[in-house]
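When reading the values below, keep in mind they use all heavy atoms of this one structure, side chains included, and skip hydrogens, waters and symmetry mates.
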Protein chains: 2
Amino acid sequence: MVFTIGETANKTGISEYTLRFYEKKGLMPFVKRTSSGRRYFSEDDIDFLGLITCLKNTGMPLAEIKDFVDMTMQGDETLEKRLTIFRTQRAAVKQQIAAAQRRLEKLDFKVRYFEAACEAGTEAAVEGDCDVPNSPITINDALRVK
Amino acid sequence: MVFTIGETANKTGISEYTLRFYEKKGLMPFVKRTSSGRRYFSEDDIDFLGLITCLKNTGMPLAEIKDFVDMTMQGDETLEKRLTIFRTQRAAVKQQIAAAQRRLEKLDFKVRYFEAACEAGTEAAVEGDCDVPNSPITINDALRVK
DNA sequence: GTAAAACTTAGACCATAGTCTAAGTCAACA
DNA sequence: TGTTGACTTAGACTATGGTCTAAGTTTTAC
């Protein structure tokens, strides 16, 4: 089963523009052409595109993804290098998750803070320290507006 | 305690360029000036900058952060809107964490896959399915190169 | 066999978020 | 009191990652 660029765009959610752009950037040297020059994508191509997307979503720049793709095309002689890349990206994602969890805590504090502020009718009545994890939030009734 | 732009850049890790850029974009209407026109940042300003950074890191565009900052300057009449923003961003970060965890699984598979490939000396000897969580990876000894 | 839809290219254009330069002003200190 | 360093501005420039247009070709479907 092979797919046109339009079908591939549909399947992957990546626009045709972007697919062509990726090819121009050297991210998809594996995509074949019909005799008249039209691209067609195999299932494997689309799977690999999924890996490219995964790497992109880890924050890897397209230029670096291209290097990885080039290594892949070179075959077994680049196995160690590719392993290193995946180890590096795995570590990066672990850090991203940890950072996102800290962000989540901060946002959660803010939600609780503004819930209290909405209830009190004013921020002035709300007490709590954003920098203390799970800090209790209290309303100073003397300062309530509603 | 107040800080110059240089000190603030040092404290926050945000360059002076970027701090000025943020001010120009309307993200820091609260920053005051000396009589000669130099900016100075209070501790509260720097705390708020931390919140701006937090929102930015959730993926919120600067233009939207500006809207939030404007609401903050408007005071208590925007409490509900700000609560909504934080609830939205909290939900967004939860999704980002979930997506990152799926990415981590994929990368972890790849690490294990390439560890096997390196051991076997060739990808051809490695068997395993990336789409199955914690899929076992095996080496087909008949195809080993080392 | 022809019209519409889907594709091709090169290259222009865009948004976002900085980053830097040039020319000038101000502050700190020896 | 002068010089060095830190600051000011406007505006040019950069990088990244697309996104679109125009002109032309090929496929598909009636």
Side-chain angles (χ1 to χ4, degrees), chain A residues 1-42 45-46 49-69 89 92 96 99 103, chain B residues 1-42 45-46 49-69 89 92 96 99 103:
Chain A
M1 191 84 184
V2 295
F3 305 93
T4 66
I5 193 169
E7 289 162 342
T8 305
N10 263 297
K11 266 179 93 97
T12 61
I14 303 171
S15 76
E16 295 186 29
Y17 297 142
T18 302
L19 288 170
R20 293 192 192 99
F21 170 72
Y22 282 180
E23 195 198 48
K24 194 156 36 171
K25 286 269 150 176
L27 267 58
M28 307 190 311
F30 44 77
V31 172
K32 304 244 178 18
R33 302 291 186 119
T34 66
S35 58
S36 70
R38 299 198 160 192
R39 294 170 185 84
Y40 61 91
F41 294 71
S42 71
D45 292 347
I46 288 173
L49 208 39
L51 180 56
I52 287 173
T53 300
C54 174
L55 288 173
K56 190 178 78 71
N57 287 336
T58 68
M60 186 182 276
L62 300 187
E64 259 174 67
I65 297 176
K66 181 203 182 308
D67 292 343
F68 164 74
V69 170
Q89 290 317 111
Q96 286 163 15
R103 249 177 330 262
Chain B
M1 191 85 183
V2 295
F3 305 93
T4 66
I5 193 169
E7 289 163 341
T8 305
N10 263 298
K11 263 180 97 99
T12 62
I14 304 171
S15 77
E16 294 186 31
Y17 297 144
T18 302
L19 288 171
R20 292 192 193 100
F21 171 72
Y22 282 179
E23 195 198 47
K24 193 157 33 175
K25 286 268 150 178
L27 265 62
M28 306 189 314
F30 43 78
V31 172
K32 304 241 176 23
R33 303 291 187 117
T34 66
S35 57
S36 69
R38 302 200 158 189
R39 293 171 186 85
Y40 61 90
F41 295 72
S42 70
D45 293 347
I46 288 174
L49 209 39
L51 179 56
I52 288 173
T53 301
C54 174
L55 289 173
K56 190 177 80 72
N57 287 335
T58 68
M60 186 182 276
L62 299 188
E64 259 174 68
I65 297 176
K66 181 203 181 309
D67 293 341
F68 165 74
V69 171
Q89 290 317 110
Q96 286 163 14
R103 236 158 6 244

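- Every residue meeting the side-chain hydrogen bond (donor to acceptor under 3.5 Å, both in side chains) condition with Arg20(B), not counting sequence neighbours, appears here in chain and number order: Glu16(B).
- Between Val69(B) and Ile65(B), the closest side-chain pair of non-hydrogen atoms falls below 4.5 Å.
- Partners of Tyr17(A) according to the ring-ring contact (aromatic ring centres under 6.0 Å, His included) rule, which considers only residues two or more places apart in sequence or in another chain, do not exist here.
- For the helix from dG1(C)-dC30(D) to dA30(C)-dT1(D), the axis fitted to the five pairs at one end and the axis fitted to the five pairs at the other end meet at an angle of 10° (nearest 10 degrees).
- For the salt bridge (charged side-chain N to carboxylate O under 4.0 Å, His left out) condition, the pairs that include at least one residue of residues 57-66 of chain B, sequence neighbours left out, are Lys66(B)-Asp70(B).
- Atom CG of residue Leu51(A) and atom CZ of residue Phe68(A) lie 5.0 Å apart, to the nearest 0.5 angstrom.
- Listed by chain and residue number, nothing satisfies the ring-ring contact (aromatic ring centres under 6.0 Å, His included) test with Tyr22(A) (two or more places apart in sequence, or in another chain).
- Contact check, Arg33(A) against dT26(D): no side-chain N or O comes under 4.0 Å of OP1 or OP2.
- Rounded to an integer number of Å, the gap from CD of Glu7(A) to P of dT27(D) is 14 Å.
- Not a single side-chain hydrogen bond (donor to acceptor under 3.5 Å, both in side chains) links Thr53(B) to another residue, sequence neighbours left out.
- When the P atom of dT8(C) is taken as reference, atom OH of Tyr40(A) falls 13 Å away, rounded to whole Å.
- Contacts of Arg20(B) with the nucleic acid, taken as non-hydrogen atoms under 4.0 Å apart, include base atoms.
- Under the side-chain contact (heavy atoms from CB on, under 4.5 Å) criterion, Ala99(B) pairs with Arg102(B), Arg103(B), not counting sequence neighbours.
- Partners of Thr58(A) by side-chain hydrogen bond (donor to acceptor under 3.5 Å, both in side chains), not counting sequence neighbours, listed by chain and number: Gln89(A).
- With sequence neighbours excluded, no residue forms a side-chain hydrogen bond (donor to acceptor under 3.5 Å, both in side chains) with Lys56(A).
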If you restrict it to nitrogen or oxygen atoms, what contacts under 3.5 Å exist between nucleotides 28-30 of chain D and the protein, and what is each distance?
none

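- Inter-residue side-chain proximity for Val31(A) and Ile5(A) is flagged as unmet; no heavy-atom pair is nearer than 4.5 Å.
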Got a list of protein N/O to nucleotides 16-20 of chain D N/O distances below 3.5 Å?
unit_1, atom_1, unit_2, atom_2, d
dG17(D), OP2, Leu62(A), N, 3.3
dG18(D), OP2, Tyr22(A), OH, 2.6

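- Atom pair Glu23(A):CD and dT8(C):C1' shows a separation of 11 Å (rounding to whole Å applied).
- In this structure, Glu16(A) atom CD and dA6(C) atom P are separated by 9 Å, rounded to whole Å.
- Between Leu19(B) atom CG and dA6(D) atom P the separation is 16 Å, expressed in whole Å.
- Note that CE of Met28(B) is 8.5 Å distant from CG of Asp45(B), once rounded to the nearest 0.5 Å.
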If you restrict it to nitrogen or oxygen atoms, what contacts under 3.5 Å exist between nucleotides 25-30 of chain C and the protein, and what is each distance?
unit_1, atom_1, unit_2, atom_2, d
dC26(C), O3', Ser36(B), OG, 3.3
dC26(C), O2, Arg38(B), NH2, 3.2
dA27(C), OP1, Ser36(B), OG, 3.0

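- Distances shorter than 4.0 Å separate some side-chain N or O of Arg39(A) from OP1 or OP2 on dT8(C).
- Inter-residue side-chain proximity for Tyr40(B) and Thr34(B) is flagged as met; some heavy-atom pair is nearer than 4.5 Å.
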